[in-house]
*Asks:* 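Take a look at this one; I'll ask things after.
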There are 2 protein chains.
Amino acid sequence: MDDVVSGIFTRKPGEGARQGPLYISLRRDIERAIAQGILKPGDALPAERELAAMADVSRVTVRRAVQDLVATGLLVQRHGSGTFVAPHIERVEQPLSVLTSFTEDMARRGMAADSLWLDRGIYAPSPDEMVVLGLSAEESVSRVSRVRLANGTPLAIERATLSAQILPEPAKVGDSLYAALAKVGNRPVRAIQRISAALLDDGDAALLGVPPGSPSLNIERISYLSSGRVVEYTRSRYRADAYDFVAELRLREPESTGRTS
Amino acid sequence: MDDVVSGIFTRKPGEGARQGPLYISLRRDIERAIAQGILKPGDALPAERELAAMADVSRVTVRRAVQDLVATGLLVQRHGSGTFVAPHIERVEQPLSVLTSFTEDMARRGMAADSLWLDRGIYAPSPDEMVVLGLSAEESVSRVSRVRLANGTPLAIERATLSAQILPEPAKVGDSLYAALAKVGNRPVRAIQRISAALLDDGDAALLGVPPGSPSLNIERISYLSSGRVVEYTRSRYRADAYDFVAELRLREPESTGRTS
DNA sequence: TCGTTAACGTTGTCTGGACAAGTGGTCTTT
DNA sequence: AAAGACCACTTGTCCAGACAACGTTAACGA
C-alpha cells in the first residue's frame with residue numbers, strides 16, 4: 001500500500017517535462033491520488049519529509065502544495081500528528097424562503113442542535129447596532145453569541161444583537177433565541193438577509209474547527225416584528241464546507257398591477 | 001512619508017516581547033498601518049526585501065504575512081511590479097427572490113453589463129448534466145459560458161447548460177441568454193438556487209482577476225418552464241468581494257392549509 | 001492496574017541565500 | 001517621433017537546514 005503511494009509521488013532527479021512550478025505538479029499528483037481512491041478519506045499522507053524525498057523536492061515545496069489543498073478543504077493537517085485526507089462532510093441545506101431558527105431547522109432534519117455560549121449580556125450599542133436597530137447611544141442592547149453545533153460538529157457562529165427592551169434578560173435565553181422571543185411576544189415574522197462569502201480569521205476558524213483562511217458563508221440578518229419594528233440584528237458565519245443555502249426564485253410578474261417598473 | 005512607513009515596521013534585533021509567530025506580528029503591523037490610513041488604497045508597500053530588512057526578518061516570513069493579507073483581499077500583488085493596498089470595491093447587491101438575468105440586473109442599477117465569451121457550442125452531456133436536465137446520452141446539450149463584467153470589472157463566471165432542443169443555436173446567444181430563450185418561447189419562470197462558498201482555483205481566479213484561493217460565492221441554478229420542464233442548469237462563481245445576495249424571508253405560516261408539515 | 005514520563009515523529013516557524021520571470025522605465029537606434 | 005534593446009527592480013519559485021511546538025505511544029514507576 002505504501003509502495004503504491006510512494007510510486008505516485010516518486011520523481012527521479014533528471015526526469016520529466018517540468019512545465020510548470022514544482023508545487024503545482026505535486027499538488028496535482030496528490031489530487032489525483034485522492035480522486036483515484038489511492039488515498040481515501042481519513043488516510044494519512046506520507047510525512048512532509050518523506051514526501052519531499054519521494055518527489056525529490058524541498059520540504060518548503062511540499063508544504064506549499066499541501067497548504068493549497070488544505071485551503072480547499074481536501075486535506076486536513078494536525079500539528080504534531082500528520083496530514084490526512086479530509087473526511088467527506090455532507091452538506092446541510094438551508095431553505096432561504098422561510099424564516100426559521102437554527103434549532104427548529106436541525107430538529108426538522110433529525111440532527112442534534114447544540115450551542116456553545118460565547119457571550120450573553122447587556123452592552124452599550126456599537127455605532128452599527130445603533131443604526132440598524134434604531135437606538136440612541138443611551139439605550140442598551142442584549143448580545144447573544146454562540147457557536148452552533150449539529151451532531152457535535154461546529155457549523156456556524158451566530159452573533160445576535162437585540163434591543164434590551166425587547167430581550168431584557170439575555171442570560172435567560174435557552175437553546176432557541178426565537179423561542180425566548182416568542183415567550184415575550186416578540187417573535188419576528190419577516191427578515192432581510194444579506195449573504196456573502198469571505199475567509200475566516202484565526203479566531204473564528206478556531207471556533208469552527210477549521211484552518212484559518214477557510215471560506216465561510218456570512219449572513220447578515222435583520223428581523224422585523226409584524227408592526228415593522230426591528231427585532232434582531234444577527235451576523236452569522238457558516239462553514240462553507242458544511243452548509244448550502246437553497247432559494248426558490250420566480251419570474252418577476254409581467255407588470256400586471258404595478259405602474260412604473 | 002517613507003520614513004513614516006519604515007517606522008511602522010522597524011523592529012530592532014533584540015527588542016520586543018515576541019509572543020506569537022513573527023509573521024503574525026508583521027501581518028498585524030501591516031493591517032494597522034492600513035486601518036490608520038498610513039497606507040491608503042492604491043499605495044505600494046515597501047518591496048519585500050526592504051520590508052524584511054525593516055522588520056529584521058527573512059523574506060520568506062514577509063511573504064507569509066503578505067500572502068495572508070492578499071488572501072483576505074486587503075492587499076494585491078503584481079508580479080514584477082509590487083504589492084499594493086487593494087482598492088475599495090463597492091459591493092453589488094443581488095435580490096434573491098426574483099428571477100432575473102445578469103444583463104437585466106445590471107441595467108436596472110445603471111451599470112454596463114459586458115460579457116467575455118469562454119464557450120458557445122454543442123456537446124455530449126456530462127453525467128451531471130444528464131441527470132439534472134433529464135437527458136439521455138444520445139441527446140446533446142448547448143453550453144454557454146462566459147465571464148460577466150460590470151463597468152469593465154469581472155464579477156462572475158457563468159457556465160450554463162441547456163438541452164440542445166431548447167437552445168439549438170448557442171452561437172446566436174447575444175448579451176442575454178434569457179432574451180435568447182424568450183425569443184424561442186422558452187423563458188423560465190421558476191428556479192431553484194443553491195448557494196455555497198468556496199475558494200477559486202487558479203483558472204477561475206485568473207478569469208476574475210483575483211488571486212488564486214480568493215473566496216467565491218457559488219450558485220447552482222436549475223430553471224424551469226411553466227410546464228415544469230427543466231430549461232437551464234447554470235453554475236456561477238461570483239467574486240465574494242464584489243457581490244452580496246439579499247433575500248427576504250417570512251415566518252412559516254402556522255400550518256393553516258398544509259397537513260403534514 | 002493506572003497514571004507519569006520520556007522518546008520519537010509529526011507539523012509549525014524561520015533563516016539566508018539563489019535564480020527565474022514579469023514590469024516599467026531609460027536609452028539607443030531607426 | 002516611433003520602435004526596439006536593455007537594465008534596474010519587483011515578485012515568484014525553490015533549496016537545505018535548523019529549532020520549536022505538539023501528538024502519540026511505549027516504557028516506566030507507583
Side-chain angles (χ1 to χ4, degrees), chain A residues 2 5 9 11 13-14 16 18-28 30 42-71 74-86 202 205-206 209-213, chain B residues 2 5 9 11 13-14 16 18-30 42-71 75-86 202 205-206 209-213:
Chain A
D2 223 17
V5 173
F9 302 113
R11 187 130 317 183
R18 278 217 27 208
Q19 28 193 9
L22 284 178
Y23 73 89
I24 289 184
S25 319
L26 181 54
R27 195 177 69 193
R28 263 201 301 267
I30 299 174
D43 282 3
L45 258 71
E48 293 178 351
R49 284 180 183 80
E50 288 179 49
L51 218 47
M54 288 177 193
D56 193 46
V57 297
S58 82
R59 198 185 143 211
V60 178
T61 305
V62 171
R63 283 183 64 78
R64 177 73 199 271
V66 167
Q67 275 172 23
D68 282 2
L69 295 174
V70 169
L74 197 61
L75 298 180
V76 178
Q77 276 182 311
R78 283 208 294 270
H79 187 173
S81 177
T83 303
F84 306 84
V85 179
D202 294 9
V210 295
Chain B
D2 225 17
V5 173
F9 302 113
R11 186 129 319 183
R18 279 213 32 207
Q19 30 193 9
L22 284 179
Y23 73 89
I24 289 185
S25 319
L26 181 55
R27 197 176 69 193
R28 264 201 301 265
D29 289 345
I30 299 173
D43 283 2
L45 258 71
E48 293 177 349
R49 284 181 184 78
E50 289 179 49
L51 220 46
M54 287 177 195
D56 193 47
V57 298
S58 83
R59 198 182 143 216
V60 178
T61 305
V62 170
R63 283 184 64 77
R64 177 74 199 272
V66 167
Q67 276 172 22
D68 282 2
L69 295 174
V70 168
L75 298 179
V76 178
Q77 277 181 310
R78 283 208 295 271
H79 188 173
S81 178
T83 304
F84 307 85
V85 179
D202 295 9
V210 295

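Reminder, nothing fancy here: chain letters follow the sequence lines and each chain counts from 1.
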*Asks:* Which whole-number value in Å describes the distance from A:Leu51 CG to C:dT11 C1'?
*Replies:*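 Computing the A:Leu51:CG to C:dT11:C1' distance gives 13 Å.
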*Asks:* Which protein N or O atoms sit under 3.5 Å from an N or O of nucleotides 21-26 of chain D?
*Replies:*
residue: D:dA21; atom: N3; partner: A:His79; partner atom: NE2; Å: 3.0
residue: D:dG23; atom: O4'; partner: A:Gly80; partner atom: O; Å: 3.3
residue: D:dT24; atom: OP1; partner: A:Ser81; partner atom: OG; Å: 3.3

*Asks:* Would you mind reading off the distance between A:Arg63 atom CZ and C:dT15 atom P, rounded to a whole angstrom?
*Replies:*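 These atoms are roughly 15 Å apart.
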*Asks:* Under 4.0 angstrom, heavy atoms only, what part of the nucleic acid is B:Arg64 near: base, sugar-phosphate, or nothing?
*Replies:*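 Contact class for B:Arg64: sugar-phosphate only.
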*Asks:* Closer to the 5' end of DNA chain D via nearest nucleotide, is it B:Thr83 or B:Val60?
*Replies:*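 Looking at DNA chain D, the more 5' nearest nucleotide goes with B:Thr83.
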*Asks:* When rounded to the nearest 0.5 angstrom, what distance separates OG1 in B:Thr61 from CZ in B:Arg63?
*Replies:*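 Reported value, rounded in 0.5 Å steps: 11.5 Å.
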*Asks:* With rounding to the nearest 0.5 Å, note down the distance linking CG in A:Leu69 to CD1 in A:Ile30.
*Replies:* 5.5 Å
*Asks:* Determine to 10° how strongly the helix from C:dT1-D:dA30 to C:dT30-D:dA1 is bent, judged from the axes of its five-pair ends.
*Replies:* 10°
*Asks:* Which pairs of donor and acceptor atoms, one on a side chain in residues 75-85 of chain A, lie under 3.5 Å apart (sequence neighbours left out)?
*Replies:*
residue: A:Gln77; atom: NE2; partner: A:Glu48; partner atom: OE2; Å: 3.2

*Asks:* Rounded to whole Å, how long is the line connecting atom CZ of A:Arg49 with atom C1' of C:dT13?
*Replies:*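 For the pair A:Arg49 CZ and C:dT13 C1', the rounded distance is 12 Å.
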*Asks:* Got a sec, which residues hit side-chain hydrogen bond (donor to acceptor under 3.5 Å, both in side chains) with A:Arg27, two or more places apart in sequence or on another chain?
*Replies:* A:Asp68, B:Asp202
*Asks:* Could you measure the distance from the CZ atom of B:Arg49 to the CG atom of B:Leu51? Nearest 0.5 Å is fine.
*Replies:*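 Interatomic distance, B:Arg49 CZ to B:Leu51 CG, rounded to 0.5 Å: 12.5 Å.
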*Asks:* For C:dC14, does either OP1 or OP2 sit under 4.0 Å from a side-chain N or O belonging to B:Tyr23?
*Replies:* no
*Asks:* Out of C:dC14, D:dT11, D:dC15, which nucleotide sits closest to the side chain of A:Thr61?
*Replies:* D:dC15
*Asks:* Under the rule for side-chain contact (heavy atoms from CB on, under 4.5 Å), what residues qualify as partners of B:Ala71, not counting sequence neighbours?
*Replies:*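 In terms of side-chain contact (heavy atoms from CB on, under 4.5 Å), with neighbours along the sequence ignored, B:Ala71 is linked to A:Leu199.
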*Asks:* Rounding to a whole Å, what distance do you find between A:Leu26:CG and D:dC15:C1'?
*Replies:*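 My rounded result for the distance is 15 Å.
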*Asks:* Determine the contact category for B:Arg59: base if any of its heavy atoms lies under 4.0 Å from a base atom, sugar-phosphate if only primed atoms, P, OP1 or OP2 are that close, otherwise nothing.
*Replies:*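 Base contact.
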*Asks:* Given atom CD of B:Gln77 and atom C1' of C:dA21, what is their separation to the nearest angstrom?
*Replies:* 14 Å
*Asks:* Can you name the nearest heavy-atom pair linking B:Pro212 to B:Ala205, along with the distance?
*Replies:*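 Shortest heavy-atom contact: CA-CB, 3.5 Å.
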*Asks:* Rounded to whole Å, how long is the line connecting atom CD of A:Gln67 with atom C1' of C:dC14?
*Replies:* 13 Å
*Asks:* Measuring from the side chain of A:Glu48 (C-beta onward, heavy atoms only), which nucleotide among C:dT11, C:dC14, D:dC14 has the closest atom?
*Replies:*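 Side chain of A:Glu48 sits closest to C:dT11.
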